[in-house]
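Everything on this sheet refers to the single structure shown next.
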Amino acid sequence: MAVTQRKPTEENGVSTVSKKENITEEGRKLDLKLDQEIVFEFGGPIGVTLMMIGFPLLMYYFWFSLYYHHGALFYPTSLAGVPAFFSQLNGYFWESAPPTLYGFKVFGIFSLFSAVMAAFMPGPIVEGMAIPHENGKKLKYICNGVSSWYLTLAVSVILHVTKVWRLTEIIDNFGTIMTAAITFGVVVTFITYFATVLFGKPHRMSGSLMYDIFMGAPLNPRIGPLDLKLWAEIRVPWVVLFYISLSCAVKQYETFGYVCYPQLFMVLAHLLYVNACQKGEECIPTTWDIFYEKWGFMLIFWNLAGVPFTYCISSLYLYFNGPFEYPVYFTVFCYALLLGSYYIWDTCNSQKNRFRMEERGTYFPRKTFPQFEFGHIKNPRHLTTKHGNRILTDGWYRYARKMHYTADLLMALCWGMITGVQSFLPYFYLVFFIAVLVHRVVRDNERCHKKYGKDWEAYVQTVPYIFVPYVF
């Protein structure tokens, strides 16, 4: 069955679209059942409790390793040395990452600025997926990421050039800003959880306090026009990550009079990522995090603190140990691999999410930069399920079911390769990401098998490979 493109109409002065549903009545009942199903992930209550304690501590350990030990792992060599080791960590914390008013002001002002932009900047309105437990209700999302992103860039340039607030302030105060972000992540998690339990509409609660704090209580938390999940998913982590890398590059230029190609590589890598998130924001409301995941520690802390202050390890390593110079062939190879992987990742995600939007009648073309022709397939091949949904089997997805993950992993590999092989830390993101994606693949396979049954088995036979065509 071909999917037809529908033209956008106007609502409140911005683009919106007509609706189209294909889900059967049996499919809706199954969606409701799966939406209310309690599944313990990540080792259950004990596992998530350890993660909530361990993630912040691990972030500090990585920072201390980079700042004091040039990226080398450090640890006590005997039991007798354990007390001295913790004393050393305590000293590192108060010296390089103490809570300060300045750190809270920087992170707080940026967060507030980005939230205000997310609520009021102009942009198209896109409908999300039907919410099963609310009788198929569809929320509307203001996708103004591009206008907000460009305004952020303009403001940061003005602040830097006028010396009101220089970009080098980020790397000069990295530890204290990270502490502010960690604090914000934890505080927002607990406020959101208890406010929802006491005054809101908690959803899919497991009955375990720690597990529900980790996974969250609200599904779609909003403050007026501001959708908190979409804001935290797109507007904070990747923007902060880019500015951390940019700060390292600016600081290197001021120190040495030039920026080495590896440092520029990380600026480009994070620029590509953050720009892709903003220019394709209309595709985000159909993603798993927005549609299914609740707003708890997992999404709040990781987006506000974990992503920007952990995924920046390569940039920090290059700054503290650079400038770096590699043979031209190696540098060119890294840049080529990054750009090639980015193209596949961008077009994969565009194909998948625009197919979903067309299926629901919410697709409309955009002219944000860059747009790749291969990112939108007209009348794509697909499998129609008894549930009513269609599964894409065209474009990149005719070769493997998770090609976007493969491209994402290749970019993660690039982020490590550009730093060399002297330290494990720049490769942490790759290792961590592999673990995350393996978990997602197993979870998606189990859920889709429940949802589609024999249709999913037919899909797996049609597209047998998961990550690498003809290999795995």
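What you see is a predicted model, and the numbers here were worked out from it, not measured in a lab.
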side-chain hydrogen bond (donor to acceptor under 3.5 Å, both in side chains): which pairs involve residues 166-180, sequence neighbours left out?
->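 Those involving residues 166-180 are Y60-T179, Y102-E169, R166-E254, E169-N173, D172-K251.
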Taking only residues at least two apart or on different chains, which pairs with a member in residues 312-322 satisfy side-chain hydrogen bond (donor to acceptor under 3.5 Å, both in side chains)?
->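 Every side-chain hydrogen bond (donor to acceptor under 3.5 Å, both in side chains) pair that includes a residue of residues 312-322, provided the two are not neighbours, is H70-N321, S245-S315.
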Quick check: do [X] and [Y] have side-chain heavy atoms less than 4.5 Å from each other?
X: L219; Y: Y292; result: no
X: I170; Y: W165; result: yes
X: W295; Y: V188; result: yes
X: S65; Y: L425; result: yes
X: V441; Y: F467; result: yes
X: L316; Y: I171; result: yes
X: F174; Y: I177; result: no
X: T393; Y: R398; result: no

Might you work through the side chain to side chain contact (heavy atoms under 4.5 Å, CB included) test for V239 and Q278, ending with a clear yes or no?
-> CA-CA 10 Å; V239 176; Q278 312 310 318; 4.1 Å; yes
Got a salt bridge between E37 and K451, using NZ or NE/NH1/NH2 to carboxylate O under 4.0 Å?
->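 Here E37 does not pair with K451 in a salt bridge, since their nearest N and O are not under 4.0 Å apart.
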Ion pair check, D289 and K229, cut-off under 4.0 Å |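 No, D289 and K229 are not salt-bridged.
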At what distance, to the nearest 0.5 angstrom, does [atom1] of [X] lie from [atom2] of [Y]?
X: I125; Y: L139; atom1: CD1; atom2: CG; result: 12.5 Å
X: C414; Y: F265; atom1: SG; atom2: CZ; result: 4.5 Å
X: I466; Y: M403; atom1: CD1; atom2: CE; result: 13.5 Å
X: R366; Y: C143; atom1: CZ; atom2: SG; result: 6.5 Å
X: M215; Y: I38; atom1: CE; atom2: CD1; result: 9.5 Å
X: E358; Y: L392; atom1: CD; atom2: CG; result: 10.0 Å

Assess, by modelled atom type and distance only, whether the side chains of [X] and [Y] contain a donor and an acceptor separated by less than 3.5 Å.
X: Y311; Y: H270; answer: no
X: W231; Y: D227; answer: no
X: E95; Y: Y68; answer: yes
X: Y459; Y: H449; answer: no
X: H203; Y: N220; answer: no
X: R235; Y: N144; answer: yes
X: D346; Y: Y273; answer: no
X: H439; Y: E41; answer: yes

Centroid-to-centroid, [X] to [Y], below 6.0 Å?
X: F107; Y: F184; result: yes
X: Y211; Y: F40; result: yes
X: F74; Y: F85; result: yes
X: Y243; Y: W238; result: no
X: F355; Y: Y397; result: no
X: W415; Y: Y427; result: no

Minimum heavy-atom separation for [X] to [Y], with atom names?
X: L409; Y: I434; value: CD2-CG1, 3.7 Å
X: F320; Y: Y67; value: CZ-CD1, 3.6 Å
X: L230; Y: I284; value: CD1-CG2, 3.5 Å
X: L430; Y: A412; value: CD1-CB, 4.0 Å
X: G322; Y: F256; value: O-CZ, 3.9 Å
X: I142; Y: G123; value: CG2-O, 4.4 Å

With respect to M411, which candidate in L272, L338, L337 satisfies the side-chain contact (heavy atoms from CB on, under 4.5 Å) definition?
->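 Exactly one candidate clears the test, L338.
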Check each of L437, V438, V442 against R440 using the side-chain contact (heavy atoms from CB on, under 4.5 Å) test, and report the only one that passes.
-> L437
Verify ring pair (Phe, Tyr, Trp, His ring centres under 6.0 Å) between Y465 and Y399, making sure each step is shown before the conclusion.
-> CA-CA 7 Å; Y465 303 102; Y399 302 109; 10.0 Å; no
Given W302 and F55, is the ring pair (Phe, Tyr, Trp, His ring centres under 6.0 Å) satisfied, shown in steps?
-> CA-CA 9 Å; W302 200 243; F55 276 150; 5.0 Å; yes
Please work out whether the ring planes of F194 and F190 are parallel, tilted or perpendicular, with thresholds of 30° and 60°.
-> parallel
Between F330 and Y326, how do the two ring planes meet: parallel, tilted or perpendicular, split at 30° and 60°?
-> perpendicular
Sub-3.5 Å donor-acceptor pair from the side chain of [X] to the main-chain atoms of [Y], do we have one?
X: N275; Y: L271; result: no
X: N353; Y: N349; result: yes
X: T362; Y: M357; result: yes
X: E282; Y: V126; result: no

Run the side chain to side chain contact (heavy atoms under 4.5 Å, CB included) check on K294 and M205 step by step: do they pass?
-> CA-CA 10 Å; K294 297 180 294 178; M205 304 296 279; 4.0 Å; yes
L226 and F120: side chain to side chain contact (heavy atoms under 4.5 Å, CB included), yes or no, with the steps?
-> CA-CA 8 Å; L226 176 65; F120 299 110; over 6 Å; no
Between R401 and F472, is NZ or CZ placed under 6.0 angstrom from the six-membered ring centre and within 45° of the ring axis?
-> no
Does OH belonging to Y253 count more than 12 external heavy atoms closer than 6.0 Å?
->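 No - once you tally the heavy atoms of other residues, nucleotides and ligands closer than 6.0 Å, there are 12 at most.
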Y258, OH atom: more than 12 neighbouring heavy atoms under 6.0 Å |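 Result for OH/Y258: enclosed.
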With side chain to side chain contact (heavy atoms under 4.5 Å, CB included) as the test, would you mind laying out the steps for R222 and L228 before giving the verdict?
-> CA-CA 6 Å; R222 292 190 166 194; L228 293 174; 5.9 Å; no
Side chain to side chain donor-acceptor pair (under 3.5 Å) filter on Y335, not counting sequence neighbours, yields none
